[in-house]
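So that the names make sense, note that chain A is the first sequence line, chain B the second, and so on, each numbered from 1. From a predicted model like this one, the values you see are computed outputs, not experimental measurements.
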Amino acid sequence: MAYNFAEIEPRWQKRWAEEKPYKVKRDSSKKKFYCLEMLPYPSGRIHMGHVRNYSIGDVVSRFLSMKGYNVLHPMGWDAMGMPAENAAIKSGRHPREHTYDHMKMMRAQLQNLGFSYDWDREIASCDPEYYRWNQWMFLKMMEKGLVYRHRRSVNWCPSCRTVLANEQAEGGTCWRCDSDVELKELEQWFVRITDYAEELLNDLDELPLWPENVKAMQRHWIGRSEGSFVEFRLPAVDEGLEVFTTRIDTIFGATFVCLAPNHPLVKKIREVSPEREAIDAFVIKMNRMSREERLASTEKLGQFTGIYAVNPFTKEEIPVYLANFVLMEYGTGAVMSVPAHDQRDFEFAKKYKLPILPVIVPEPGFHYDNELTEAVEATGVLVNSGEFSGLTSDEAKQKMNETAESGGFGRGAVTYKLKDWGISRQRYWGTPIPVIYCDNCGIVPVPEADLPVKLPDDVVFTGEGGSPILTSESFLHTACPKCGGNARRETDTMDTFMDSCWYYYRYLSPRLDTAPFDTEEAAYWTPVDLYIGGVEHATMHLIYTRFFTKLLRDFGLLKIDEPVKKLVTQGMVIKDGRKMSKSLGNVVDPDDMIQKYGADAVRVFMLFASPPEKEIEWKDQGAEGALRFLNRVWNFAENNGEIVKTETEFDTATLAGKEKKLFQKLHQTIAKVGDDIEKRLHLNTAIASLMELFNLLSATEIKEGVLKAVAGAVYRDLVRMLMPFAPHMASELGELYGFDASRWPELKQEFAVADTFTLVVQVNGKIKDKIEAEQGISADEAFRLAAESERVSAELAGRNIVKKIYVPNRLLNLVVK
RNA sequence: GCGAGAGUGGCGGAACUGGUAGACGCGCCAGAUUUAGGAUCUGGUAUGCUUCGCGUGUGGGGGUUCGAGUCCCCCCUCUCGCACCA
């Protein structure tokens, strides 16, 4: 009977669901392996990216289980977030119903692919028993002073009355209603991730098995910068203006100061400024510019404010400008401008005819003869810098920091681009922030015993009037836990990145109701040995999750510093050279493919087409090829049932000829496939070598006894090695032909090397002949063989051999003159 | 602009430590089977030439080496990330 995946696959899936062979328990007698894949958002359908991601993880999990590891391989749902809420606004259906329906559909799809998850550990972040621990952690952080409330400006749609993420406010208009987006100051909850910035940066060096590009992205994201804060007095408004600079050594060359157009002091300055109208016009112009416009142009735009700042080192007054290139988001939103030594300041000074004063020279005694044509940004030696003249930049930085500090107008400091994490969302479908506002007691945390603070059900989803939670009377009004008086609940919910920060610890004890997870389980299972997911999470999720691990460690729940030993970021699945998307109409649905080719063939093709980190182009023909291969393997057993079934002992020591060659190929393959999976995760070459082994087996004419026994053994081991890739077929073959396909074949190292090799003979580096030779021959023997070759001896005739280079078991190069 | 990575047949890719370039698969060509198509099986498939052989070939140019896809320098192209970061 032909290989009927449509019948075989569902049968095994059902059996796995019933018998739970992938259920695992802590067992300290076994070596553990925690294989984790990024959990999906329940969008309703699995897509090809998931198939690829989870197929990679499944191969590693199954392989290591077969090798006797205790493998934890869980799956769950990142179930909160905006899409469900937006769907609720459209359909009126509660996000919960919507989400649980989606989870059900997607769980079925994952099961259709035959993934070896321990489904008993499944979690969903929208379950109150899950998100109560988000709340618990929030309270813990609150206790430790790691959260605070702060006003920050956010994108605000006045018609939807909600906060928009940057990508929802592109072009300055709301993605849903097209209203102009405003910047609005809102009180929000922030988490002090910057307290851990230094550790998050330094510990990247402790992650040798993370891809370099991800670490580079995180370093850049954290953006450590050593410099100084310096205060310039603004006599006109009687205020101090703090600037951040990495080049305090150039401060004697500061000829003006620039503020971001939205700097808070601008309001005060315009009150006293003769340039008030010009300032207002400039600020409005800048606010109107969209993000794209700002990014597209590097033209320097500025406006004199009419007031002056006092340089604390020179005591001189220099003009204060507004400038488009100064960003409120970085540093203090104000810079001292040194046009001689900063290219941006140089361009600005040229445009607005401001003085350019060099204060750094490359070496002592150097003079700039001509006017500068560009800024000299290199460090060097100070000139025109009062008592600091003659010092090197490095010496000056230190001395000047000391001077500033003792003078009370500055200090050396380290800043980060990483900002504290704003976790407030004016949304319904997220974890309620467990805080109560009382008129008498102020901000009161919800007592731990009252957790979880559940999302209310008496809400209306209109899409207007802000968060739907505001429509819930039962939620809004509560009693103050401290004084019992009337109080109001926090209506903001948490960023969903909070949910995904620690979910893989919840898998360890998913139903525990006394703590987020069991610390003994954690001591056994953590860290995650392999984490597979998309590179799009390189910064956000993967920084937050590293941060949370450090937090939980400091709370005493974990003993590790880093959550993930090895990280793999898999490439996208594309079609016709482009990302799959609905708008391009090139989406390939995994269900269709499973129906057409079967889950095993889809998995094999996905893994065979490319190594994990590369992009992969979906091609139906590729899946056909994978199916063809599986078919041939299946048919071999059909045609050679007796050989496959009959396990005959044979003496490996007496193997010779074809049977030895075949047996050696088997063990070479066992070694290669194991290596490819375990060390390199190059599943494409692992599959290729399985194909090679099968090609050799099927090309071998099997007639007499020993060869039959060897061929049977080879076939059975081939099926075992196919198990991680094509588990349905391998399981079925094992059962049909009565052998245990669930153990990884044992490697006989002595057979993993062939006993002959192709000796490549080169003359002056050019290949002249290839000779079959015994493994382990000496250089002299190799030379003797080469000399016997007609082609080689013809090359050598009448010439002197200057040098012989012999690479054992590979090649002989003769250098002649 | 800065940072990371990549350029190998018609295509996806292989070559792991400097040692046979193109494994394995797709596609294509030819043959077998078939009424036909599909499926299957067998063989071929980098390229040039004076074709049982010889030469050339891993984005381009140079270098190190007995030997370079692999190491070094310069250049080109592409992908990803960040981007007026003070």
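Remark: the separation of the C1' atoms in B:U34 and B:U40 is 11 Å, to the nearest Å. Going from the P atom of B:G69 to that of B:A15 covers 16 Å, rounded to whole Å. Across B:A6 and B:A86, the matching C1' atoms stand 33 Å from one another, rounded to whole Å. Rounded to the nearest Å, the gap between the P atom of B:C74 and that of B:U56 is 29 Å. Here, B:A21 and B:U70 have their P atoms 14 Å apart, quoted to the whole Å. For the C1' atoms, the distance from B:G18 to B:U58 is 15 Å, rounded to whole Å.
Following rounding to the nearest Å, A:E790 (CD) and B:C52 (P) show an atom-to-atom distance of 17 Å. Following rounding to the nearest Å, A:Q218 (CD) and B:C82 (C1') show an atom-to-atom distance of 14 Å.
Comparing B:C84, B:G25, B:C11 by their nearest atom to the side chain of A:K619 picks out B:C11. Between B:U56, B:A86, B:G13, one nucleotide has an atom nearer to the side chain of A:N684 than all others, and that is B:G13. Closest to the side chain of A:T245, out of B:A23, B:U56, B:A86, is B:A86. The side chain of A:V326 lies closest to B:A86, out of B:A86, B:G27, B:G19.
OP1 or OP2 of B:G25 has at least one side-chain nitrogen or oxygen of A:N695 nearer than 4.0 Å. Between B:C85 and A:R219, no contact under 4.0 Å exists linking OP1 or OP2 to a side-chain N or O. A close approach under 4.0 Å does occur between a side-chain nitrogen or oxygen of A:R628 and OP1 or OP2 of B:U40. Between A:T685 and B:A14 there is no side-chain N or O to OP1 or OP2 distance below 4.0 Å.
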- Message: I'd like to know whether A:F725 forms a side-chain contact (heavy atoms from CB on, under 4.5 Å) with A:F608, so could you lay out the CA-CA distance, the side-chain angles of the two residues, the decisive distance to 0.1 Å, and finally the verdict.
- Response: CA-CA 10 Å; A:F725 303 93; A:F608 177 64; over 6 Å; no

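Counting non-hydrogen atoms under 4.0 angstrom, A:P211 reaches nothing in the nucleic acid.
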